[in-house]
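Worksheet for the structure shown next.
Chain identifiers are assigned alphabetically (A, B, ...) following the order of the sequence lines, protein sequences preceding nucleic acid strands; residue numbering begins at 1 within each chain.
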Amino acid sequence: MTTTDQLPGKYDFKAVEARWQQTWEQEEINKADMDSRREKYYVLEMFPYPSGRIHMGHVRNYSIGDVVARYKRLRGFNVLHPMGWDAFGLPAENAAQKNNTHPAKWTYDNIDYMRTQLKQLGLSYDWNRELATCDDSYYRWEQKLFIEMYQKDLVYQRTTTVNWCETCQTVLANEQVIEGACWRCDDFVRPRKMNGWFFRITRYAEELLADLQALGGWPEKVATMQSNWIGKSTGLSCDFSIEGSERSISIFTTRPDTIFGVTFMSVAAEHPLIDELISGSEIEQAVRTFIKEISEERMRQNIEEEQEKKGIFTGRYCINPFSGQRIPVYIANFVLAEYGTGAVMAVPAHDQRDFEFARKYKLPILPVVIPEGTDLNPETMEEASTAYGLLVNSGRFDGMESSAAQAAIIADAEQNGFGSALTTYRLRDWGISRQRYWGAPIPMIHCDSCGVLPVPLDELPIKLPEDRESSAGECAPLSRRPEFFHTTCPACGSGATRETDTMDTFVESSWYFARFTCPDAADAPLDREQSRYWLPVDQYIGGVEHAILHLLYSRFFVKALRDLGYLEIDEPFANLLTQGMVIKDGAKMSKSKGNVVDPDDLINHYGADTVRLFSLFAAPPERDLEWNAQGVEGASRFLNRVYRFITGYSGAPTAADLSAEASDADRTLDRKRHQTIKKVTHDIETNFHFNTAISAVMELFNTLASVTDPEKEETAGSETISQAIKTILVLLFPMVPHFSSEMWAIMKFPSRPEEQEWPSFDEETAREDLLTIVLQVNGKVRSRIQVEADTDEKALEACALKDENVLRFINSKEPKKIIVIKKKLVNIVV
RNA sequence: GCGAGAGUGGCGGAAUUGGUAGACGCGCUGGUCUUAGGAACCAGUAUCUAUGAUGUGUGGGUUCGAGUCCCUCCUCUCGCACCA
C-alpha cells in the first residue's frame with residue numbers, strides 16, 4: 001500500500017498547474033505554423049483592453065475559446081489561437097494623469113500583469129504571436145493602410161457637425177452615442193462643427209447588408225441588429241417646387257403610392273431653405289422664436305419619451321408635382337435634419353405622425369389608399385391607415401394596387417424629370433478623428449500651398465512622441481506639441497503641419513485578427529500567403545456588446561483590404577459565438593455595484609481548472625451566467641472525487657479479469673463510455689454546450705465508481721476500467737487541461753492527453769439492450785416494464801395487455817385503439 | 001411603438017423528430033465515520049387533501065399523447081427608436 005492509499009489527501013492544484021504550464025511553454029505545444037497539408041482552424045476570442053486585471057467576463061470568454069482550441073487540436077486540426085491587446089484608448093490617459101505616469105508605461109505594465117493572469121489560467125495561446133496595438137510595429141501598418149485607403153477614396157476629410165463629449169474632450173462616432181450620451185462616461189453629447197477624417201463605410205452599405213445573409217454561423221440577433229443599423233430603405237426622391245421661388249424642396253418617401261394624399265409639407269427646424277422661405281415676411285420673428293423653442297426643447301428632451309407633435313406655418317406654399325396641388329409648408333419638430341433630406345411630404349391619412357399633426361393644426365386628411373374591405377372616412381378616422389390597398393383620388397393611378405402604383409409613380413417621376421428611385425441607408429460614414437494623445441497618429445500633412453497630402457510611405461511610422469517627462473501635461477494632444485506637428489511638405493518642401501488627431505481605437509481592432517496570421521511581417525501589413533491560409537477566423541467568440549460597432553467595422557475593413565489586394569475573403573468571421581454576461585445577485589458584475597468576484601482570488605483558492613470547469617458548467621455559453629460560490633465548490637469537489645478515485649485505484653486484476661466472458665459490469669461501463677463519447681462530441685460540435693458535455697462525463701464517472709465499488713459482487717475488468725479512465729481524461733482535457741494531464745501521468749498511461757486522438761464511439765456498443773417501456777392508458781402513464789431492446793410491436797402490445805396496473809385502468813373495457821412506439825411506449829385508448 | 005430572445009423544482013440548468021418532465025450540479029433533510037467538521041461516504045428530496053390527483057408564465061386549440069406544434073394574453077431581458 002502506498003501512502004496515498006492511506007491518506008488520499010487533496011489534489012495540489014498549485015504545484016500541478018504551475019508544472020504543466022511550464023512544460024507546455026517550454027515545449028511550445030501551442031505554437032501554430034502554417035502547413036498547407038493540414039486543415040487549419042482559427043479560433044479567436046475578442047482581445048482585451050489592458051485595463052489592469054482580468055475580470056470574470058474574460059475568464060468565461062477565454063475558457064470557452066480554449067476548450068474550442070484544444071478540442072479542435074485533438075480532432076487533428078492545425079489550430080491558430082492567438083492573443084493580444086487592444087491597447088490604445090482613453091483610460092490609459094486618465095490613469096496616467098491620476099497616477100502621474102505615462103500612458104505607455106501604464107498600458108505595458110497592465111499588459112504584463114494580465115499576461116501572467118492569462119497564463120495562470122492555462123490558456124493555450126500561441127504567445128509568439130502576441131501583439132499590442134499601441135506598439136508602432138502594429139500601428140505603422142495601420143497608417144500605411146490608412147494612406148492606401150485615402151488613395152482609393154475610402155478615406156476623406158470634411159467638416160461636419162460631430163458628436164462632442166465635453167468630459168472626454170473628443171469626438172464620438174454615431175455608434176458610440178448611446179441614447180444621446182457618451183458610451184464611455186455617460187455625459188451628454190453635444191453637437192459641434194469640426195473638421196475630421198472619415199472612412200467611407202457607406203460605399204459598402206449594400207454589400208455589408210447583403211452578405212449578412214451568408215453568415216449562417218452568426219446568431220440571428222446580431223445579423224438583425226446590423227441589418228437595422230445599416231437601415232436600408234427604398235423609395236422615391238422627388239422635388240416639390242416652392243411657389244414664388246426658383247428653388248424646390250427635396251423629399252424622400254418609401255410610400256410613393258400615397259403621394260396624392262399629401263396635404264402639407266413638413267421640414268426640419270434646421271432645414272437649409274428656411275432662411276430663404278421666411279426672411280422678410282411678417283411672421284419671420286414668430287417662426288424664428290418657434291425654431292429656437294423647439295431646439296431648446298430637444299436639448300432638454302428625455303430620449304425615452306416621444307414628444308408632442310408641434311409645428312408652425314412658414315407662410316409659404318409648394319406644389320405637388322403629380323397633382324399640381326398647392327401645399328402649405330410647415331416647420332415640424334418631429335422631422336429629423338440628419339435623416340433623408342430633412343423634409344417630409346406629409347400624408348396624414350397614411351402616416352401616424354402626419355395624422356396627429358394634421359388633427360392638431362386642422363389640416364385636411366385625404367385618404368388615397370384603401371385597404372381591401374375597409375372604408376376610410378377622414379372625419380371619423382382615429383389613426384392613420386398604413387396598410388397597402390387600392391389607390392383612389394390619385395388621378396390616372398386610381399384603381400392600381402399599392403406596390404404596382406409605387407413602381408408606376410416612380411417611373412412617371414423619372415419620365416417627367418422631377419424625381420427618381422432612390423435607396424437610402426441609415427448607416428453614416430465612420431468618423432475616426434479623435435483629439436486625444438493615446439492613439440495612432442493619422443499620417444497626413446497639411447501644406448498651405450499644396451493642400452492635404454499623405455505622409456510619404458518611407459517615413460512611416462509616424463510615432464507618438466514619448467520624449468517628455470511624465471506629468472499630467474504628457475497627455476496633451478498632439479496639437480499642443482510643436483515638435484510633433486512641425487514638418488515639411490513632401491511635395492514642395494516648405495513648412496507644413498502634421499495632422500494632430502489620432503484614430504478611433506476601433507480602427508486597431510478592425511484588422512488585428514488578420515495581423516495575427518503574420519504578426520512579424522516586416523515589409524507589409526499582411527503576408528498574403530499566411531493570411532490566405534489562416535483566414536477567415538473559423539470561430540470568433542466575444543460579448544454581444546460588440547454586435548454592431550466592432551463587428552461591422554471589421555467586416556468593412558475586410559472588404560476594403562480585399563479591394564486593396566491584401567485579402568481574398570469577403571467576411572472576417574465565419575462563425576460567431578456571443579457569450580452571455582457574468583452576473584451576480586441579478587446584476588452584471590461591476591465595480592459600481594460592488595458585486596465583482598476577482599479571478600485571482602478564485603484561482604488561488606481553487607486553481608485554474610476548477611474556475612474553468614465551473615464557468616463552463618454553470619450555463620450554456622450564450623446565456624448569462626449567474627455566479628454562485630457554492631457551484632464553484634461543486635466543480636472543485638468533482639475534480640477531487642476523480643483525483644481520489646485515480647490515486648486510490650490499484651490497477652490490480654479483478655475477479656472479472658479471470659473470466660473469459662465480459663461481465664455485466666464490463667458491458668454497463670463500456671456502454672456508458674460509448675454513450676458519453678457520443679453525447680460530448682455532439683454537444684461540442686453542434687452548439688458548444690459544454691454544460692451538458694460536462695454533466696455527461698460526470699455520469700460516466702458515477703458509473704465507473706459504481707462498477708468498481710468493492711462492496712458490490714461484480715466489478716468490471718481492469719482493461720474496461722482503464723479504458724473508461726482514459727476516455728474521461730481525454731474528454732475533460734480541453735476543459736481542465738492541467739488536471740487531466742496530471743491524472744494521465746499518475747495512471748502511467750503512455751504519452752499525454754493532448755497527443756491522443758479524440759475518442760470515437762460505436763453505435764452498437766452504445767445501444768442499451770434492456771429498455772424501459774412506458775405503458776399508458778388514455779395517454780396517462782400507468783406502468784413501466786423492462787424489455788429486450790429488439791422486442792417488436794406485437795410483443796410489446798401483448799406485454800402491455802398483460803400488465804396488472806394497465807388491466808386495472810382498462811377496467812375490462814374494450815380498447816378502441818392501441819398505439820405502439822417501438823423502444824418507447826404503448827398507449828391503450830379505451 | 002418596432003425587432004429579437006426567454007419564462008421549467010428552493011437555485012443553476014436538462015429533456016434528437018411531439019412519446020418516462022426535472023438529467024447533471026448546488027442547496028436542503030436524515031444517517032455513517034469522526035474530538036469536531038463547513039471534509040468524505042450512504043439514503044432521500046416537484047406539489048397536494050397521497051392505492052390517487054396535479055404539475056413546464058396565462059387561457060384556449062390540434063393530437064392516442066404537448067415543456068415541445070398553432071392561436072390569445074401576461075411578464076422579463078436585449079437591441080432600435082419620431083428613419084419619412
Taking only residues two or more places apart in sequence or in another chain, which ones pass side chain to side chain contact (heavy atoms under 4.5 Å, CB included) with [X]?
X: A/Gln630; answer: A/Asn628
X: A/Arg767; answer: A/Glu764
X: A/Lys816; answer: none
X: A/Ala766; answer: A/His674, A/Gln675

Over how many whole Å does the gap from [X] atom [atom1] to [N] atom [atom2] extend?
X: A/Asn778; N: B/rC64; atom1: CG; atom2: P; answer: 12 Å
X: A/His605; N: B/rG38; atom1: NE2; atom2: C1'; answer: 11 Å
X: A/Leu775; N: B/rG65; atom1: CG; atom2: C1'; answer: 14 Å
X: A/Met225; N: B/rA81; atom1: CE; atom2: P; answer: 11 Å
X: A/Gln776; N: B/rG18; atom1: CD; atom2: P; answer: 16 Å
X: A/Asp351; N: B/rC83; atom1: CG; atom2: C1'; answer: 11 Å
X: A/Gln226; N: B/rG79; atom1: CD; atom2: P; answer: 15 Å
X: A/Lys221; N: B/rC78; atom1: NZ; atom2: C1'; answer: 4 Å

State, with a plain yes or no, whether a side-chain heavy atom of A/Tyr553 is found less than 4.5 Å away from one of A/Ile201.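 Yes, at least one pair of side-chain atoms sits under 4.5 Å.
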Parallel, tilted or perpendicular: rings of A/Tyr330 and A/Phe357 (30°, 60°):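 A/Phe357 and A/Tyr330: perpendicular rings.
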Would you name the heavy atoms of A/Arg255 and A/Ser402 that are closest together and state the gap between them?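 Smallest interatomic distance, heavy atoms only, reads NH2-OG, 4.2 Å.
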Mind listing the closest non-hydrogen atom pair of A/Ser250 and A/Asp239 along with its distance?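 Of all heavy-atom pairs spanning A/Ser250 and A/Asp239, the closest is OG-OD1, 2.7 Å.
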Closest approach to the side chain of [X], judged atom by atom: which nucleotide of [options] is it?
X: A/Ala618; options: B/rA84, B/rG12, B/rC82; value: B/rG12
X: A/Asn827; options: B/rA84, B/rG12, B/rG65; value: B/rG65
X: A/Ile819; options: B/rC41, B/rG19, B/rA84; value: B/rG19
X: A/Ile821; options: B/rG19, B/rA14, B/rC83; value: B/rG19
X: A/Glu626; options: B/rC64, B/rG12, B/rU20; value: B/rG12

Using atom [atom1] of each nucleotide, how far apart are [N] and [M] to the nearest Å?
N: B/rU16; M: B/rC11; atom1: P; answer: 23 Å
N: B/rC69; M: B/rA6; atom1: P; answer: 10 Å
N: B/rG18; M: B/rC64; atom1: P; answer: 15 Å
N: B/rA43; M: B/rG25; atom1: P; answer: 13 Å
N: B/rU62; M: B/rC71; atom1: P; answer: 15 Å
N: B/rG79; M: B/rC73; atom1: C1'; answer: 24 Å
N: B/rG22; M: B/rU45; atom1: C1'; answer: 12 Å
N: B/rU47; M: B/rG1; atom1: P; answer: 39 Å

Could you run through nucleotides 42-54 of chain B and give me one letter per nucleotide, 5' to 3': B if any protein heavy atom sits under 4.0 Å from the base, S if only the sugar-phosphate is that close, - if neither? ----------SSS
Going 5' to 3' through nucleotides 24-29 of chain B and flagging B where a protein heavy-atom sits under 4.0 Å of the base, S where only the sugar-phosphate is that close, and - otherwise, we get BSSS--
Enter the distance from [X]:[atom1] to [Y]:[atom2] here, rounded to the nearest 0.5 Å.
X: A/Phe614; Y: A/Glu633; atom1: CZ; atom2: CD; value: 11.0 Å
X: A/Arg426; Y: A/Thr202; atom1: CZ; atom2: OG1; value: 14.0 Å
X: A/Ile819; Y: A/Glu797; atom1: CD1; atom2: CD; value: 10.5 Å

If only side-chain N and O atoms of A/Arg623 are considered, is one of them under 4.0 Å from the OP1 or OP2 phosphate oxygen of B/rU77?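 A/Arg623 to B/rU77 OP1/OP2: no side-chain N or O under 4.0 Å.
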On RNA chain B, does the nearest nucleotide to A/Thr341 precede the nearest nucleotide to A/Glu220 from the 5' side, or the other way round? Give the residue.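 Mapping each residue to its closest nucleotide by heavy atoms, the 5'-most match is A/Glu220.
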Assuming nearest nucleotide by heavy-atom distance, tell me which of A/Thr224 and A/Met581 is located more 5' along RNA chain B.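 Per heavy-atom nearest nucleotide, the more 5' residue is A/Thr224.
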Contact class for [X] (heavy atom, under 4.0 Å): base, sugar-phosphate, or nothing?
X: A/Pro219; answer: nothing
X: A/Asp624; answer: sugar-phosphate
X: A/Gln352; answer: nothing

Under the salt bridge (charged side-chain N to carboxylate O under 4.0 Å, His left out) rule, collect the residues that match up with A/Arg60, sequence neighbours excluded.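 Not a single residue meets the salt bridge (charged side-chain N to carboxylate O under 4.0 Å, His left out) criterion with A/Arg60.
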Sequence neighbours excluded, which residues qualify as salt bridge (charged side-chain N to carboxylate O under 4.0 Å, His left out) partners of A/Lys310?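 Residues passing salt bridge (charged side-chain N to carboxylate O under 4.0 Å, His left out) with A/Lys310: A/Glu297.
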Begin from the C-alpha positions of A/Phe13 and A/Phe739 and carry the test ring pair (Phe, Tyr, Trp, His ring centres under 6.0 Å) through to its verdict. CA-CA 8 Å; A/Phe13 60 80; A/Phe739 177 82; over 10 Å; no
Could you check whether A/Arg353 makes a cation-pi contact with A/Phe334, meaning its NZ or CZ is under 6.0 Å from the centre of the six-membered ring and within 45° of the ring axis?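 No; the conditions do not both hold, so A/Arg353 does not lie above the ring face of A/Phe334.
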Can you check whether any acceptor in the base of B/rC82 is under 3.5 Å from a donor in the side chain of A/Lys309, or vice versa?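 Side chain to base: pair present.
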Return the polar atom pairs (N/O with N/O) between nucleotides 67-71 of chain B and the protein under 3.5 Å, or none.
none

Under the salt bridge (charged side-chain N to carboxylate O under 4.0 Å, His left out) definition, can you give me all pairs with a residue in residues 216-234 of chain A, not counting sequence neighbours?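 Residue pairs passing salt bridge (charged side-chain N to carboxylate O under 4.0 Å, His left out), neighbours aside: A/Glu206-A/Lys232.
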Give the residues of residues 675-684 of chain A touching RNA chain B, defined as any heavy atom closer than 4.0 Å, sorted by residue number.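 By residue number: none to list.
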Would you say A/Glu768 has more than 12 foreign heavy atoms packed within less than 6.0 Å of its CD?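 More than 12 within 6.0 Å, yes.
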Any donor and acceptor pair, going by atom type alone, linking the side chain of A/Gln226 with main-chain N or O of A/Leu209 inside 3.5 Å?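 The answer is no, because no donor-acceptor pair under 3.5 Å joins these two groups.
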Which range-with-range stems can be found for RNA chain B when each stem has 3 or more Watson-Crick or G-U pairs in a row and both distances sit under 3.5 Å?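 So far as stems of 3 or more pairs are concerned, RNA chain B shows B:1-7 with B:74-80, B:10-12 with B:24-26, B:27-32 with B:40-45, B:46-48 with B:52-54, B:59-61 with B:69-71.
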Please step through salt bridge (Lys or Arg N to Asp or Glu O under 4.0 Å) for the pair A/Lys360 and A/Glu308, ending with a clear verdict. CA-CA 10 Å; A/Lys360 178 162 180 178; A/Glu308 197 201 339; 2.7 Å; yes
For B/rG9, is chi within 90° of 0 (syn) or not (anti)?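 Chi for B/rG9 falls in the syn range.
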